[in-house]
Amino acid sequence: MMNPSANEIAYQLGSFFRAYKDGRVERFFGTDRIPASINSPHGISFKDVQIVQETGVSARVFIPTNTNSGQRLPLLVYFHGGGFLIGSPFCSAYHNCVTSIVTKANIIAISVDYRLAPEHPIPIAYEDSWAALKWIASHCDGGGPESWLNDHADFGRVFLGGDSAGANIAHNMGIQAGVEGLNGVKVLGICLVHPYFGRKESGVDECWTFVSPKTSGFNDLRINPSLDSRLARLGCSKVLIFVAEKDKLKERGVFYYETLRESEWDGEVEIVETEGEEHVFHLFNPSCENAFALLKKFASFINQRLIS
């Protein structure tokens, strides 16, 4: 006899994700995969790399095809969003997003494929992302397993970035890098697009408690940086935050900005609001004027660091 609870929904994230009480999950976003291409017609080459064989953590590496022999470019480490539940570096939305940043900024990028909840609940996404950063750092002396990083990444000009939940990961990786160090990697800046944190007035939402069943709620430092005594050790000198006027997460980004500005961290923080737009609008409407403006600012944030 069929379990009567088999079709009961345990949690749903808009039209993108659904989990049932019997343990089944359905993902309606980020399941497509653009194949790797060394000679893409768009002027960017990209390949997929294994980072941790035991766990299956991997990444996609992007490089301008016309990069000269011996040329060193800034490196962006990107963490995709999706509420810790959906998305991947290989799906069209995130592949195209990172490709656009690489094209505009003329950099190398590595987009991390961390494992997703609920099959792999928090803190696994953070653990996978840190493992990826340590793998990247293993290339500092030119002896790592990936030749593009060995030959062309400038480990004195590294940036972390991400959107939504990925922006949360980028912040937490910046904290961990500042506290533990990254073996010669110098993180200059962190760019957070529509970041996902707790709410200043009403704590955390159902998404966070679903992906992180052992959370302490708004007392969890990963979701509430205002309680984190390590904030002053954030491992970069500049942070750029994007928020969108019609985004339900807007006030969380503003809360993060205020928290960082009022902390003992001695870097520079800037916040940019896009009028009239929703959460991660640039993923779903990448050709609109506001998406181009966001991309231009993101690229400028990276390249301005070269002359400061």
Side-chain angles (χ1 to χ4, degrees), residues 11-18 27-32 34 60 62 76-105 109 111-114 116-117 125 129 159-173 190-199 204-208 210-211 223 239-257 270-299 301-302:
Y11 178 72
Q12 183 161 339
L13 180 66
S15 60
F16 304 112
F17 173 88
R18 187 180 299 133
R27 292 181 170 90
F28 308 104
F29 171 85
T31 57
D32 62 312
I34 292 182
R60 175 158 286 187
F62 302 76
L76 170 66
V77 185
Y78 195 87
F79 305 96
H80 69 81
F84 304 97
L85 295 163
I86 56 175
S88 89
F90 319 113
C91 72
S92 55
Y94 282 109
H95 171 87
N96 293 336
C97 175
V98 177
T99 296
S100 296
I101 298 170
V102 170
T103 301
K104 186 69 175 178
S111 185
V112 178
D113 186 34
Y114 55 86
L116 301 174
S129 298
F159 297 81
L160 308 181
D163 64 279
S164 197
N168 176 292
I169 293 174
H171 159 76
N172 280 282
M173 293 303 99
I190 301 176
C191 185
L192 309 182
V193 182
H194 309 162
Y196 175 62
F197 291 106
R199 294 184 291 251
V204 297
D205 51 30
E206 186 182 2
C207 181
W208 178 250
F210 179 71
V211 302
I223 202 70
V239 172
L240 173 63
I241 306 160
F242 289 100
V243 295
E245 181 186 14
K246 296 182 178 180
D247 184 3
K248 294 179 180 179
L249 300 190
K250 173 189 168 181
E251 52 93 7
R252 308 188 196 195
V254 173
F255 175 42
Y256 177 79
Y257 167 74
E270 179 183 3
I271 189 167
V272 176
E273 179 176 346
T274 306
E275 296 181 355
E277 297 290 1
E278 304 276 358
H279 188 61
V280 296
F281 69 91
H282 62 294
L283 294 180
F284 300 104
N285 190 11
S287 61
C288 73
E289 184 177 343
N290 283 334
F292 283 126
L294 188 153
L295 177 65
K296 182 179 179 181
K297 180 67 175 178
F298 198 129
F301 174 74
I302 294 175

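Every value quoted in this text rests on a predicted model; they were computed, and no experiment measured them. Along the sequence shown, the residues carry numbers beginning at 1.
- For the atom pair CZ (Arg199) and CD1 (Ile223), the distance works out to 10.0 Å, reported to the nearest 0.5 Å.
- Considering all non-hydrogen atoms of both residues, Ile169 and Ser129 come closest at CG2-OG, 3.4 Å.
- Checked against ring pair (Phe, Tyr, Trp, His ring centres under 6.0 Å), Phe281 has the following partners two or more places apart in sequence or in another chain: His194.
- Lys250 pairs with exactly one of Glu278, Glu273, His279 by the side chain to side chain donor-acceptor pair (under 3.5 Å) rule, that one being Glu273.
- Atom-to-atom distance recorded for Asn168:CG and Tyr256:OH is 9.5 Å, nearest 0.5 angstrom.
- Qualifying side chain to side chain contact (heavy atoms under 4.5 Å, CB included) partners for Lys104, counting only residues two or more places apart in sequence or in other chains: Leu295, Lys296, Ala299.
- Glu206 pairs by the side chain to side chain contact (heavy atoms under 4.5 Å, CB included) definition with Tyr11, Thr209, not counting sequence neighbours.
- Nearest heavy atom pair, residue Gly82 against residue Ala165, reads N-CB, 4.4 Å.
- In terms of heavy-atom proximity, Gly276 sits nearest to Glu245 at N-OE1, 2.5 Å.
- Asn290 is not listed as a side-chain neighbour of Asn285, based on a closest heavy-atom distance of 4.5 Å or more.
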For this session: Would you please test Phe197 and His171 for ring-ring contact (aromatic ring centres under 6.0 Å, His included) and show each step?
Result: CA-CA 10 Å; Phe197 291 106; His171 159 76; 5.6 Å; yes

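- For the pair Thr99 and Phe62, the tightest heavy-atom approach, listed with the atom from each and the gap, is OG1-CE2, 3.4 Å.
- Taking the six-membered ring where tryptophan is involved, the planes of Tyr78 and Phe298 are tilted, since the angle between them lies from 30° to 60°.
- For the atom pair Asp113 CG and Ser88 OG, the distance stands at 5.5 Å (nearest 0.5 Å).
- Under the 4.0 Å criterion applied to side-chain N and carboxylate O atoms, Asp205 and Arg252 are assigned as salt-bridge partners.
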Problem set entry | Candidate pair Phe242 and Asp163, rule side chain to side chain contact (heavy atoms under 4.5 Å, CB included), full reasoning | CA-CA 9 Å; Phe242 289 100; Asp163 64 279; over 6 Å; no

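- Between Ser287 and Phe292, the closest heavy-atom pair is O-CE1, 3.1 Å.
- Atom CG of residue Leu116 and atom CZ of residue Arg27 lie 5.0 Å apart, to the nearest 0.5 angstrom.
- In terms of modelled atom types and a separation under 3.5 Å, the side chain of Tyr196 and the main chain of Trp208 share a donor-acceptor contact.
- Counting all heavy atoms, side chain and backbone alike, Thr274 lies closest to Glu277 at CG2-CG, 3.5 Å.
- Between Ile101 atom CD1 and Phe301 atom CZ the span is 12.0 Å, to the nearest 0.5 Å.
- Side-chain contact between Phe16 and Leu85 is absent, with no heavy-atom pair separated by less than 4.5 Å.
- Note that OG of Ser164 is 8.5 Å distant from CZ of Phe84, once rounded to the nearest 0.5 Å.
- Looking at His80 and Ser111, their side chains never bring a donor and an acceptor atom within 3.5 Å of each other.
- Counting heavy atoms from C-beta on, the side chains of Val98 and Arg60 never come closer than 4.5 Å.
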